[in-house]
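See below for the structure under consideration.
This one's a predicted model, so the numbers in the text were calculated from it and none came from an experiment. Order of listing sets the numbers, starting from 1, for every ligand and every atom in it. Counting from 1, the numbers follow the sequence of the chain as shown.
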Amino acid sequence: MKCNGFPENFLWGGAIACSQADGGFREGGKGISTQDLRYLDPSWDRAQVLEKREKWMTTEEFNQAMADPSTYYYPLRRGIDFYHQYPKDIQLFKELGLKIFRTSICWSRIFPNGDDTMPNEEGIKYYSSLFQELKKQNIKIFATILHYDIPVNLVIKYGGWKNRKIIDFYLKYVKVLFENFGELVDYWLPFNEINAGKFCPWDGVCLIEDQEENFNQSIFQCMHHQFVANAKTVELAHKMLSNPMIGAMIARFTSYPATCNPDDVMQTILDEQYSNYFYLDVMVRGKYPEYMNRFFDQFNIKIEMEPEDAKILEKNTVNFISFSYYFSQVSTVNQGWEKTSGNLIMANKNPYLESSEWGWQKDPVGLRITLNQLYDRYQLPLFIAENGLGTTDTLENDGTIHDPYRIDYLKSHFIQMREAIQDGVKLLGYTMWGIIDLVSCGPLTMDKRYGVIYVDLDNGGNGSGKRYRKDSFYWYQKVIETNGADLI
Ligand code: BGP
């Protein structure tokens, strides 16, 4: 039954990732993860932050980070201290009325080195109590098994995702999660934005820039291992759990032809295939699509596969599709087309759209387009795993935060979600990105805030850490309570 245009059981939610929120660096037996090594000088201005964001991990930076045990230049080691504050934060989520909460599990809390014989009991205990607390408050759990951060030892010793051995380490980790949290978690997601490896190789597939001869070759080899790991996780889920919901996720790069020049239209098709559909085709349709052969030839990519891989991929496909959606762009063969920032990439500018403070082009209708495109192509239920507006907020002296721009952003996207549902799209839920302010993933700053809950910390981790409700908190609370009735 539909109610106010949204299904009665629509899952209004919020999302975070452990590496951006937890902190608790080296506490509870946690090992060092690849995201713990990402560097930010808190004194940098916006231009310096943006310049750094364009750069990938180098050997020099890696060694420097490994030698530095402090948190000063490493904001992802600090997060927002969710590791300690989660009981109070969950109270706020409860007050907000969240139906579902998405977070990732930190692999290096469960297996500190990735190849340990036994899991770290303290890590298991932490997630048990976090998940039980959520259940106590009647909040469903959407767990991401890997959101970029793998134990760094796996990179040092084995070369990370390039090495096929990592599939077994990953599955050993997954098995522990299913054994311990199988009854608690409602939706499982083996990989956050699996296409991220192509655009941000350190985050997605843990490759160090100056250690690769053919970057594309390495990226797609890693990706193949992730696809096999994904399929084997699906297989394991069906063996170990009852009726598991286990999904795929991409960072969705919605693109329109820049002009009606047929070359631009063809470019749009190629951009769709290479940046979006390839990844979903493998995980949903269970095989490598033919159009990738041409791409692989062009970049001289030869993926090593085991004879059984094709069967594994074919037999173990996901049962829902999730994606992040923040912006849209245009596709063109015109190399000189004006560019702007976007999630994970530099995007071609669309003159019809306004951009956020960080250059990301706001396009609510693009969300309806995306939902229709993905549902039409795959005919599987969809889940919007991330969406939101990252921007500066001001904490007033009286503890209020007035963020009408965020309300506008969310409202316009929710209206288009409702349109898509009326178009016939099966949409399970929506987990707003960064429901509580956290360290941003690209720039690594706190001043790119997404939350409806403000966290009093600056780019250097200074501040009380106190949580405040923004105006958007009360607005989202009403949306959830009325299941979207108040949207115009
Ligand atoms: C996605 C990531 C998230 C998140 C989001 C927003 O790609 O899955 O971890 O951070 O983008 O990006 P940013 O934090 O760079 O603004």
Side-chain angles (χ1 to χ4, degrees), residues 13-22 33-36 38 40 46 49-56 75-76 78-80 82 101-106 142-150 189-205 226 247-254 275-276 279 322-329 340-347 355-362 370 383-393 406 409-410 413 430-451 455 457 459:
I16 64 166
C18 61
S19 65
Q20 293 168 252
D22 284 7
S33 92
T34 48
Q35 289 292 298
D36 292 329
R38 295 186 55 212
L40 174 94
R46 187 67 65 88
V49 166
L50 285 172
E51 196 192 318
K52 169 74 172 108
R53 185 188 172 281
E54 299 308 317
K55 298 200 178 116
W56 295 342
L76 296 173
R78 296 190 298 264
I80 55 161
F82 184 74
F101 176 64
R102 173 179 175 233
T103 189
S104 61
I105 298 169
C106 173
F142 183 169
T144 313
I145 296 174
L146 185 58
H147 194 126
Y148 299 157
D149 54 332
I150 80 168
L189 182 61
F191 289 90
N192 178 65
E193 297 179 331
I194 202 163
N195 54 342
K198 177 155 183 270
F199 308 98
C200 292
W202 178 251
D203 288 355
V205 288
Q226 293 195 340
M249 179 184 176
I250 57 163
R252 171 63 177 165
F253 304 111
T254 298
S275 302
N276 296 284
Y279 304 87
S322 61
F323 61 92
S324 61
Y325 176 84
Y326 292 96
F327 74 106
S328 73
Q329 59 175 337
T340 185
S341 292
N343 185 28
L344 307 172
I345 58 166
M346 285 304 286
S355 295
S356 76
E357 176 193 320
W358 287 82
W360 297 17
Q361 304 183 105
K362 296 183 261 183
T370 294
F383 207 119
I384 301 169
E386 290 183 25
N387 168 253
L389 177 71
T391 194
T392 312
D393 289 318
R406 183 167 292 104
Y409 181 97
L410 295 172
H413 284 75
Y430 171 94
T431 42
M432 187 198 141
W433 177 252
I435 190 73
I436 178 166
D437 290 347
L438 35 60
V439 177
S440 59
C441 184
L444 297 179
T445 58
M446 270 305 292
D447 66 2
K448 190 178 185 192
R449 297 174 180 275
Y450 284 88
V455 177
L457 288 172
N459 292 349

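Here the OG1-CG distance, from T445 to N459, works out to 5.0 Å after rounding to the nearest 0.5 Å. Atom CG of D22 sits about 12.5 Å away from atom CD of Q35, to the nearest 0.5 Å.
Using a 4.0 Å heavy-atom cutoff, W358 is absent from the residues neighbouring ligand 1.
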Decide yes or no on salt bridge (Lys or Arg N to Asp or Glu O under 4.0 Å) for R449 and D393, but give the supporting numbers first.
CA-CA 7 Å; R449 297 174 180 275; D393 289 318; 5.2 Å; no
Working for salt bridge (Lys or Arg N to Asp or Glu O under 4.0 Å), residues E193 and R252
CA-CA 8 Å; E193 297 179 331; R252 171 63 177 165; over 6 Å; no
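The backbone and the side chain of S440 each have at least one atom closer than 4.0 Å to an atom of ligand 1 (non-hydrogen atoms only). In Y326, the part holding a heavy atom less than 4.0 Å from any atom of ligand 1 is the side chain. For F199, no heavy-atom contact with ligand 1 is shorter than 4.0 Å.
Classification of the F142-F383 ring pair by plane angle, with boundaries at 30° and 60°, yields perpendicular. Between F199 and F253, the ring-plane angle classifies as perpendicular under the 30° and 60° cut-offs.
In this structure, the protein non-hydrogen atom closest to atom 11 (O) of ligand 1 is N343 OD1, 3.3 Å. Among protein heavy atoms, the minimum distance from atom 16 (O) of ligand 1 is reached at Y450 OH, 2.5 Å. The protein non-hydrogen atom at the shortest distance from atom 15 (O) of ligand 1 is G442 N, 2.7 Å. Of the protein's heavy atoms, E193 OE1, 2.6 Å lies nearest to atom 7 (O) of ligand 1.
Closest heavy-atom approach to atom 14 (O) of ligand 1 within the set C441, P443, S104, A15: this belongs to C441. Closest heavy-atom approach to atom 2 (C) of ligand 1 among the candidates E386, R53, Q20: E386.
Taking each heavy atom of L76 and D36 in turn, the nearest pair found is O-OD1, 4.1 Å.
Heavy-atom contacts of N192 reach the following atoms of ligand 1: 8 (O) (cutoff under 4.0 Å). Shown in contact with H147 at under 4.0 Å from a heavy atom are these atoms of ligand 1, numbered in order with element: 2 (C), 3 (C), 8 (O), 9 (O). For ligand 1, the atoms lying closer than 4.0 Å to a non-hydrogen atom of Y148 are 7 (O), 8 (O).
Both tests do not hold together for K448 against W433: distance to the six-membered ring centre under 6.0 Å, angle to the ring axis within 45°.
Salt bridge annotation for R46-E357: present, with a cationic side-chain nitrogen under 4.0 angstrom from a carboxylate oxygen.
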